[in-house]
Structures are given as structure tokens and as C-alpha cells.
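So that the names make sense, note that chain A is the first sequence line, chain B the second, and so on, each numbered from 1. No hydrogens, no waters, no symmetry mates; every other heavy atom, side chains included, goes into these values.
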Number of protein chains: 2
Amino acid sequence: MTAEQQLVDAALRAWKLNADRVEKFFVALSADQLQQEVAPGRNRLIYLWGHLAAVNDGLFPLLGIGPRLHPELDPTFLASPDRAVATLPSASELKDIAAEIDRELWKAFSRLSATDWIAKHTAVSDEDFVREPHRNRFSVLLSRTSHMSFHHGQAILAKPRA
Amino acid sequence: MTAEQQLVDAALRAWKLNADRVEKFFVALSADQLQQEVAPGRNRLIYLWGHLAAVNDGLFPLLGIGPRLHPELDPTFLASPDRAVATLPSASELKDIAAEIDRELWKAFSRLSATDWIAKHTAVSDEDFVREPHRNRFSVLLSRTSHMSFHHGQAILAKPRA
């Protein structure tokens, strides 16, 4: 592997590690456990799970690697805070949706070269990208990896301790 | 910038963004506020702050970029859970310690080339590194960036809401 391939490989491994941890955490919970709040008055686990799925699904258009798989998540998990929408997907639906997003993102990520990763993402204009070349796909990948970690740190607070 | 420089630059920006967020969050809190728990029975804010400082300080030897600046943090913030050690540094001491670690790490990071980043870290042997070339400095940087985000996500739960 070239140096640039090794750098990309490290970031993809970091993504995968975090995505797998998140999936493993939520999949193990019962429908009742998913109703727990991470702290008093804060988001419920099921909301965090749906929120992470919705944000990650947004990477398809943002990185220009495909259409959204589940845009129906957004009104509930992105545009609204927890509890604003009464009807959420079931634990089993969310499990399938999140797994599909993870799987298809991973396939799409694996097809991108280092040159693709440092190319601009779709939310920046050609003009702005000349001035701000750091607004590239790779930065988005790193930022969404941190985003998973941010909410995973919250989610474990609700987990019943041994 | 070459492709590899751009990839490193993106990761350094992600590090800095998270380090700055963490510093800004904790520095704004009073000594009383730092005694708050992130959730009932969980870590206090002051413990998380010291824990992040200790873990980040560990990057000097782990990346082979210098000696520890504050090894005295470890018994309290790494080897022990919160409340196991009665006497903690004051908010003002911790502020100076954390700022110094951040500043010196940033200087050291800025001196490393892409080739340096994909070289092995000090916790892996030459022999293992041949088989596992992903155990490099860059992976450590990404993992410690996620670690900050993980605990930052927890810390904001304790912050009094507006």
C-alpha cells in the first residue's frame, strides 16, 4: 500500500470500529431497554439509534456515492428532537434499516481511492473548494466517525451496569 | 499539498476541533459545576477532564514524540475510577495542565510528515508491525480523537440547559 492508501485505510478502520460498536450496542437491547434515557430528561436510546442511522444515511448524497436509502428517518430523527414524533420505527425495523445503511456505506467507501477521498463533498461549491480544500470527503468521514463516538459515549450511560 | 498531506491535514483538523471543543467546554465551568455527574452515579465532569488530559498526555511516549508532561495524573484519572482518589487537582490547576498538554501535542503533531504518521507507534514491536502495518501513529491519532468525542458527548449531558 502507498502512504496515501495507508492513511485512508486507517480512517476506514476507525469508521468500521465505531460503526460496529454502535451496532453491537443497540442490537443487544430489548424494545424496553431502548426506551431508556441516557440521562434524566435526555434522549432515549431508540432516538440516538435512529439519529445515527439518519445522519449516516445522509453520507450517500453528501459524499456523492448514491441516493439516500432511508430519507423517511429524517422527520423523526433529524428534524425533530426526541419525543416530538409519537410513532417511531420498531426495534426490529430500526435494526434492519441501520444494518442496511452500514453495509451499503461500507461497500461504497471501499470503492473510493485516496484521490476520491480528498475531492470535494457535494455541500461545497467548486469556487469555495478552491479556497477551502479541506472541505473534502475525508473530513466528512472523520467527522461522522467522531459523531458516532459522541453518541455512543452517551448511549452507554443508560446501559444497566453489571 | 500532496494527497497524503491533505489526508494528514484533515485528521489534524479533526483532532484540533475536538480538542478545542473539550477545552472550551471545561474551561467555562465553575469548580462547583465540575463536581456534577454526567448521569446519576456516573463520572463527574472534573474526572472526565483529568481523564482526557491523562490519556492525551500518554500520546507523547506512545507516538514517540517526547516524554510525558504530567504522569502524576495517572493514579487519579487513569488507574482509578472517579471518587477512588480523594484529592484532585483544582479546576485552575487542571486548566493549566490540560492547556499545556494540548499546546505541546499540537506543536509535536505539526512536525510529523505523512511518512512519520504511517510509521509504527511505540507499543507495537518491529515484528508485529510487519504483519499489522495498520498499527501506526495515524491510527492512534484517529482513535484518540474519537476518545475525546466519546467523553465530550457524555460531558454535555451534565451541562445545565438554558
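- The shortest heavy-atom contact between Val38(B) and Ala39(A) is O-CB, 4.0 Å.
- Both Leu12(A) and Leu142(A) are assigned to one and the same hydrophobic cluster, defined by single-linkage of ILVMFWY side chains at heavy-atom distances under 4.5 Å.
- Asn18(B) touches chain A through its side chain: at least one heavy atom from C-beta onward sits under 4.5 Å away, while N, CA, C and O do not.
- Side-chain heavy atoms closer than 4.5 Å link hydrophobic residues (I, L, V, M, F, W, Y) into clusters, and following such links, even through other members, never connects Val85(A) to Tyr47(A).
- At a threshold of 4.5 Å between non-hydrogen side-chain atoms, the residues Leu157(B) and Leu157(A) count as touching.
- Rounded to the nearest 0.5 angstrom, Asn136(A) CG and Leu7(B) CG are separated by 7.5 Å.
- Hydrophobic clustering (side-chain heavy atoms under 4.5 Å, transitive across Ile, Leu, Val, Met, Phe, Trp, Tyr) groups Ile156(B) together with Leu45(B).
- The most heavy-atom pairs under 4.5 Å with chain A, out of His147(B), Arg13(B), Glu37(B), Met148(B), come from Arg13(B).
- Of the candidates Glu4(B), Met1(B), Gln6(B), Gln5(B), Ile118(A) forms a side-chain contact (heavy atoms from CB on, under 4.5 Å) with just one, namely Gln6(B).
- Ring geometry for Phe138(A) against Phe138(B) counts as parallel: the plane angle stays under 30°, on a 0 to 90° scale with 60° as the upper cut.
- Annotation for Lys95(A): atom NZ does not count as buried by contact number, only 12 or fewer foreign heavy atoms lying within 6.0 Å.
- Judged purely by atom type and a 3.5 angstrom limit, Gln154(B) has no side-chain atom pairing as donor or acceptor with the backbone of Gln154(A).
- Under a hydrophobic-cluster definition in which Ile, Leu, Val, Met, Phe, Trp and Tyr are linked whenever side-chain heavy atoms come within less than 4.5 Å, directly or via other members, Phe77(B) and Leu62(B) are assigned to the same cluster.
- Atom CZ of residue Phe150(B) and atom NE2 of residue His151(A) lie 13.0 Å apart, to the nearest 0.5 angstrom.
- Looking at Ala3(B), both its backbone and its side chain come within 4.5 Å of chain A, counting heavy atoms on both sides.
- Closest approach of His134(B) and Asp9(A) over heavy atoms only: CB-OD2, 4.0 Å.
- Leu105(B) and Leu78(B) end up in different hydrophobic clusters when Ile, Leu, Val, Met, Phe, Trp and Tyr side chains are linked at under 4.5 Å.
- The shortest non-hydrogen separation linking Ser146(B) to Ser149(A) is O-OG, 2.8 Å.
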